[in-house]
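Everything numeric here is computed off the predicted structure, so don't read it as measured data. We count ligands from 1, going down the list as the structure has it; atoms in each ligand are counted the same way.
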Amino acid sequence: MWNITDIRKDFPILSRRVYDKPLVYLDNAATTQKPKCVVDKIQEMYYSENANVHRGVHFLSQAATDEHEASRKTVQEFIGAASPSEIVFTRGTTEAINLVASSFCREFCRPGDEIIISGMEHHSNIVPWQLQEEISGIKMKVLPITDDGELDPEELEKMISGKTKLVSVTHISNVLGTINPIEKMIEIAHAHNVPVLIDAAQSVQHRKINVQQLDCDFLVFSSHKIYGPTGIGVLYGKEKWLEKIPPYQGGGEMIASVSFEKTTFAELPYKFEAGTPDYIGSTALAAALTYVSGLGLEHIAAYENELLAYATERLENINGLKIFGPSGHKSSVISFLVDGIHHYDMGVLLDTMGIAVRTGHHCAEPLIRRLGIEGTVRASFALYNTKEEIDALANGILRIVKMF
Ligand code: PMP
């Protein structure tokens, strides 16, 4: 049974007040709040198991190593990967994409080769490829989006050529909530022997993902968007790719042996994990994933869909309010504008009512430009939000409309 009152008690921050009003936190696509079990895990690790991992002979180092590697296994199981060696800890989605862009292009791309992204990507799935345009001479091609903010797999079929080396696309748009047809896109790319990277930063927290069923070649996400701590994220890569691509950074932990003449690298996944890993972050991420699994992603999705439907209905009924993106199949994100009210003004005024939303381009400037606007107000819902909070948002917007 979904007991929202009990669930909210797991998130201490939700009971705080801002400007002497109850906090209504609707900025979950930017980052999620943390359940107590995650914060407790961080404290427990620092208070009783803190020691550097992997190279210690002593008790605490072994205990921390065991926790860290058990967390890798939790991530593996959470996304259905074949082996823990396919799970690389990074600082987040951004670093994971930079890692693939750098190492994949170095190994597989020659000047003139092409990488396909889409018109709705977050900057972190645009800029790393642009850097590679300069470094490796590749060309980034952009799959166009429809007026409704969707991708058409047939366009991908047309765009793939003998020069295409990789397709890198987001599963869910952080601005519009569009759920992309990645199954079909992976099938099309694979028919041309082209591997696919999925940016799952906005999807792992909302729907069950199984990388083996999806058959994606790489998948990346950030811990902080799935109720885990900041500063850690995941790169999943099929072993056959991770084996072939070179290390991203050099240093301790990622080596087998070092001499001034030659260094050999550690086995997977350590080849990609230079330096002391965030073993506190990994264990707290595992606590978050266990929490999410305990609630059940299917129940989370059902509840968030209910919230989305309710919010869409309430907002659609506000005169002059326009919602951007697909109307049907989408994730629990609503990007909107109200006639005559700048998105920034709307955000600031909602804030005075204790309502936290995001405004602007949401790190997806090309998408915002494609929509012919300068920015939106974005309300994004998580498993702990309530219909009462959506009422607060809708009533807040109505008050603001009256002020203008
Ligand atoms: N991709 C998408 C779709 C995102 O929403 C985000 C975060 N807004 C990122 C990538 C980047 O994630 P991070 O900043 O945690 O690296």
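Salt bridge status for Asp27 with Arg358: present, with a side-chain N to carboxylate O gap under 4.0 Å.
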**Q.** Test salt bridge (charged side-chain N to carboxylate O under 4.0 Å, His left out) applied to Glu389 and Arg8, step by step
**A.** CA-CA 12 Å; Glu389 290 180 311; Arg8 285 179 69 83; 3.3 Å; yes
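Of all atoms in ligand 1, numbered sequentially from 1 with element shown, those under 4.0 Å from a heavy atom of Thr94 are 11 (C), 12 (O), 13 (P), 14 (O), 16 (O). Close contacts of ligand 1 with Thr170, meaning ligand atoms under 4.0 Å from a residue heavy atom, involve 3 (C). Short contacts between ligand 1 and Asn174, defined as distances under 4.0 Å to a heavy atom of the residue, involve ligand atoms 5 (O). Counting the atoms of ligand 1 from 1 in the order shown, those under 4.0 Å from a heavy atom of Gln202 are 3 (C), 4 (C), 5 (O).
A distance below 6.0 Å separates the ring centres of Phe108 and Trp241.
By the 3.5 Å distance cut-off applied to N or O atoms, Glu95 is not counted among the residues near ligand 1. In terms of N/O distances under 3.5 Å, ligand 1 is approached by Ser222.
In this structure, Met185 CE and His171 NE2 are separated by 10.5 Å, a value rounded to the nearest 0.5 Å.
Each of Leu219, Ile182, Ile198 was checked for a side-chain contact (heavy atoms from CB on, under 4.5 Å) with Ile209, and the lone residue meeting it is Leu219.
At a heavy-atom cutoff of 4.0 Å, ligand 1 is contacted by the side chain of Asp199 but not by its backbone.
The residue from Ser124, Gly233, Ser380 that puts a heavy atom closest to atom 10 (C) of ligand 1 is Ser124.
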